[in-house]
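Residue numbers begin at 1 in each chain, while the letters A, B, ... track the order of the sequences.
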Amino acid sequence: MNIKEKLDILSDAAKYDASCSSSGSSRQGKHGNTSSSGICHSWTPDGRCISLLKILLSNVCMFDCVYCLNRRSNDIRRATFTVDEIVKITTDFYKRNYIEGLFLSSAVFLSPDDTMRRMMEVAKKLRREKGFGGYIHLKSIPGASDELVEEAGRYADRLSVNIELPSNVSLNKLAPDKNKEDIFGSMSYIGKNYLENKEERKKHRKAPTFAPAGHSTQMIIGASPESDRQIVTLSSGLYDKFALKRVYYSAYIPINEDVRLPEPQIITPLLREHRLYQADWLLRFYNFKADEILPVTAPNLDVDFDPKTAWALRNYHQFPIEANTASYEWLLRVPGIGVQGAKRIVMARRHTSLDFSHLKKMGIVMKRARFFITCRGHILDNLRTSPQMIAMTLKPKKSVEDTQLLLKI
Amino acid sequence: MKNLYKKTYQYDGTNAGMLCTLADAIKRGEMPTFQTANSVTLNFAEHTHIVDTDEERSEVFLDWLKEISDEYSVRMLIYILMSDCIGYEDTLLKYCLLLRKHENNTMRMQANPIVRSIHDRCYKVTKEIHRFKGLIRFQELESGKYWAPFEPDNNIIVALIPHFTARFADQKWILHDISRQIIVTWDKQILYNKKAADYMKDEKISDAEKDIQQLWQTFYKSITITNRINPKLQAQFMPRRYWKYLPEVE
């Protein structure tokens with residue numbers, strides 16, 4: 001099999017991995033460097049960005065996870081890259097500025113340790129022999145030995161362990177060869193090392209790095225029955241407990257037929273994935289708690305409204321707030337005001353008293369914000385109203401599914 | 001009587017010329033209309049002030065702005081100068097006057113229409129710079145150099161130099177702005193060349209290049225999730241006018 005065929009098979013097999021981030025690390029190599037802001041190099045016709053060469057080392061798998069294309073029992077073309085082949089493609093692509101670096105994952109062939117060792121060797125060769133300074137994200141194989149993970153972390157910018165499914169019950173049912181202990185064990189080992197290394201590098205700036213861009217995980221949404229509340233609560237716990245940088249959500253795409261899976265005609269809407277990312281953003285950048293976004297009384301995210309608007313409508317008694325005096329934290333909670341907008345308001349109001357025309361020019365989305373703020377004590381157009389009226393005004397006229405796809409970032 | 005006819009300042013259309021024009025307007029305390037040398041003149045000659053372009057004086061003017069305000073505010077101005085500023089001189093003059101009045105507080109006046117306009121325009125330029133850090137595509141030449149043709153909206157080639165110098169220090173490369181015919185080359189040092197055609201005339205694409213491009217196209221094709229095709233979203237991130245030099249989208 002030539003290298004082109006292998007690349008065809010092993011990038012096709014990697015395409016459902018959501019992560020594409022190349023940010024958070026800053027490294028200067030002999031050949032190449034990483035930019036801490038991250039850079040996208042292209043966008044595929046599905047609208048997703050390409051930042052990294054995203055491939056599997058091998059799709060020969062000893063596991064039989066129900067939802068996965070590469071499961072043992074599927075009759076598909078199988079291929080395995082050699083270490084040198086991956087090193088060559090990576091450097092050839094990098095030199096031409098096609099990519100920021102490599103995202104290497106793999107099916108589990110032979111054993112978790114054998115797989116992990118081969119992946120680690122790719123990263124080692126790139127760094128040691130090629131002086132490669134580009135971004136490297138390695139997927140850590142649950143059950144691989146700590147020594148191998150530790151060594152991989154020395155060469156990689158990011159490590160990740162896929163949690164796969166949002167609950168233990170679903171994991172047992174859909175990924176019978178994987179177990180929770182291995183997954184959380186790896187995650188906590190990486191999290192601990194990452195935090196320790198960060199501390200160490202504060203003391204000794206030249207200390208070797210361990211996955212300086214942190215670690216992340218991914219779960220499949222819609223292949224199992226968990227509610228959004230369960231999912232977001234789980235994410236919130238992962239961020240707190242394991243110091244994760246990102247949780248990725250991947251709307252389930254039916255690939256295999258199996259009684260344990262939802263009927264193939266039941267398609268998880270991309271909108272659900274999008275709403276989960278919005279909720280995730282509220283956790284990480286807007287100081288929201290999982291309980292606020294999804295209380296027991298509303299365990300699933302609203303189809304018609306983004307999670308912040310939905311929260312504000314449920315808590316309408318706390319609004320409106322005054323743009324000229326409200327705290328930064330409260331501005332962040334107003335639908336239509338983002339992190340940039342809140343910062344601009346705080347800066348601008350020191351120099352002038354703000355009115356609605358100012359806010360509009362500063363990039364505040366007045367369509368939503370107007371119901372929740374006052375300027376100099378006034379409500380826009382004396383628009384006194386109720387949460388029910390607001391909900392009616394803001395409810396999307398077009399099918400949400402069509403428009404939301406455009407908004408997904 | 002003095003303000004009855006608005007003065008017209010005429011300059012040669014270059015950035016240095018415009019900076020001298022702004023300097024003159026501030027010095028004389030006037031709010032003129034602006035004109036470049038090749039535009040049609042309708043004003044009476046006695047109301048037209050013809051500005052001499054002087055590189056050194058334009059530098060002195062920028063230094064003065066830095067002194068009265070701060071590095072950041074002037075850097076925004078420099079980014080804006082990479083865009084086509086003809087027709088925008090008036091806002092730039094008002095911006096300079098704001099800098100003089102409010103010094104380094106200016107950029108915090110986020111509600112001020114001039115500051116907003118400067119911000120937005122600057123954002124367009126820096127956004128394009130960031131985009132091209134990703135969208136630049138090098139091709140290997142027979143001479144072993146890596147050549148990247150591109151056509152940005154703004155004249156951003158200089159702003160890309162630090163990024164590619166740090167990234168590909170061990171590689172000989174050429175950035176080539178096709179529409180402006182400007183070339184920047186790197187071989188352990190930066191050279192700026194205005195005669196792009198002369199420089200490139202003996203260069204040829206290497207034989208191996210086609211194979212690598214095909215490999216890249218293979219990757220691009222198989223990484224796409226075909227049951228989620230969404231060309232509108234794709235074009236939103238990667239506008240079609242930038243596709244010409246991307247080997248993956250053909």
Side-chain angles (χ1 to χ4, degrees), chain A residues 3-5 7-16 28 30-33 35 37 39-51 53-55 89 92-98 100 131 133-134 253 270 343-345 347-352 354-355 357-359 361-362 405-406 408-409, chain B residues 102 105-113 115-117 119-120 130-140 146 148 163-164 166-171 173 208-209 211-216 218-238 246-249:
Chain A
I3 197 162
K4 201 173 147 192
E5 285 172 89
L7 184 64
D8 188 19
I9 297 171
L10 292 169
S11 53
D12 185 70
K15 69 183 170 196
Y16 299 112
Q28 181 66 51
K30 186 167 73 65
H31 177 67
N33 61 358
S35 153
S37 62
I39 296 172
C40 297
H41 286 255
S42 193
W43 282 264
T44 44
D46 55 25
R48 300 188 309 159
C49 91
I50 297 178
S51 169
L53 171 65
K54 200 188 292 182
I55 48 172
I89 302 178
D92 277 347
F93 281 9
Y94 194 82
K95 276 183 191 165
R96 286 161 180 76
N97 204 44
Y98 295 167
E100 278 300 288
I253 298 173
L270 269 181
K343 280 184 182 157
R344 282 186 189 148
I345 291 175
M347 250 191 242
R349 69 192 182 186
R350 277 190 287 187
H351 297 276
T352 179
L354 300 174
D355 62 33
S357 69
H358 289 136
L359 295 186
K361 284 203 199 86
M362 283 191 277
L405 288 176
L406 276 175
K408 192 176 171 278
I409 294 170
Chain B
H102 300 283
N105 278 323
T106 312
M107 288 330 292
R108 283 183 217 123
M109 297 160 57
Q110 294 277 340
N112 181 297
V115 175
R116 283 256 49 89
S117 168
H119 246 284
D120 294 346
H130 183 76
R131 263 186 172 148
F132 270 104
K133 286 180 185 173
L135 291 176
I136 286 283
R137 295 285 179 271
F138 289 103
Q139 306 176 26
E140 194 188 21
Y146 287 80
H163 175 75
F164 286 106
R167 177 153 292 196
F168 299 124
D170 62 340
Q171 199 167 311
W173 49 255
E209 191 55 29
D211 294 338
I212 309 275
Q213 288 193 1
Q214 273 177 11
L215 216 51
W216 171 236
T218 303
F219 173 73
Y220 185 79
K221 223 173 120 198
S222 54
I223 203 74
T224 306
I225 300 183
T226 42
N227 41 9
R228 285 190 187 170
I229 296 297
N230 191 348
K232 247 180 162 176
L233 183 63
Q234 178 189 30
Q236 184 182 313
F237 291 122
M238 188 167 71
L246 305 175
E248 65 268 30
V249 284

Parallel, tilted or perpendicular: which fits the ring planes of B:F168 and A:H31, with parallel below 30° and perpendicular above 60°?
tilted
Heavy-atom side-chain proximity of B:H163 to A:I39 below 4.5 angstrom
yes
Looking only at heavy atoms and a cut-off of under 4.5 Å, which of A:M362, A:R344, A:H358, A:K30 has the most pairs with chain B?
A:R344
Proximity breakdown for B:R116 and chain A, heavy-atom pairs closer than 4.5 Å:
side chain
Side chain to side chain contact (heavy atoms under 4.5 Å, CB included) between B:L215 and A:K4, intermediate numbers included:
CA-CA 6 Å; B:L215 216 51; A:K4 201 173 147 192; 3.9 Å; yes
What residue, out of B:H102, B:H119, B:R137, has the most heavy-atom pairs lying under 4.5 Å from chain A?
B:R137
Of the non-hydrogen atoms in B:S222 and A:S11, which two are nearest, and what is the gap between them?
OG-OG, 2.6 Å
Distance from A:T44 atom OG1 to B:M238 atom CE, nearest 0.5 Å?
8.0 Å
Determine, step by step, whether A:K95 and B:F138 satisfy the side chain to side chain contact (heavy atoms under 4.5 Å, CB included) criterion, reporting the C-alpha distance in whole Å, the side-chain angles of both residues, the deciding distance to 0.1 Å, and the verdict.
CA-CA 7 Å; A:K95 276 183 191 165; B:F138 289 103; over 6 Å; no
Can you tell me how far apart CG (A:L53) and CZ (B:F219) are? Round to the nearest 0.5 Å.
5.0 Å
Calculate, to the nearest 0.5 Å, the distance between atoms CG and NZ belonging to B:D120 and A:K361 respectively.
11.0 Å
Using heavy-atom distances under 4.5 Å, tell me whether A:L7 contacts chain B through its side chain, its backbone, both, or neither.
both
A:S37 versus chain B, the contacting section by heavy-atom distance below 4.5 Å:
side chain
Given a strict heavy-atom distance threshold of 4.5 Å, which part of B:D211 is in contact with chain A: side chain, backbone, both, or neither?
neither
Taking A:N33's backbone N and O only, do any of them form a donor-acceptor pair with B:R167's side chain (distance below 3.5 Å, no angle check)?
yes
Honestly, the part of A:S42 sitting under 4.5 Å from a heavy atom of chain B is both
Contact part of B:Y146 toward chain A, heavy-atom cut-off under 4.5 Å: side chain, backbone, both or neither?
side chain
To the nearest 0.5 Å, tell me how far B:I223 CD1 sits from A:R48 CZ.
6.5 Å
Relative to chain A, which of B:K221, B:R131, B:R108 shows the most heavy atom pairs under 4.5 Å?
B:R108
Please flag which part of A:H41 lies under 4.5 Å from any non-hydrogen atom of chain B: side chain, backbone, both or neither.
both
Across all chains, not counting sequence neighbours, the salt bridge (Lys or Arg N to Asp or Glu O under 4.0 Å) partners of A:R349 are none
Pairwise distance CG(A:N97) to CD(B:Q171) - rounded to 0.5 angstrom:
9.0 Å
Ring pair (Phe, Tyr, Trp, His ring centres under 6.0 Å) with A:Y98: which residues, sequence neighbours excluded?
A:F93, B:W216
Could you check which of B:P247, B:P231, B:A148, B:A166 has the highest count of heavy-atom pairs closer than 4.5 Å to chain A?
B:A166
In Å and rounded to the nearest 0.5 Å, what is the CD to CG distance from B:Q110 to A:L359?
12.0 Å
Quick one: are A:R96 and B:Q213 in side-chain contact, heavy atoms under 4.5 Å?
no
Below 4.5 Å, heavy atoms only, C-beta onward: do A:I253 and B:R228 meet side chain to side chain?
yes
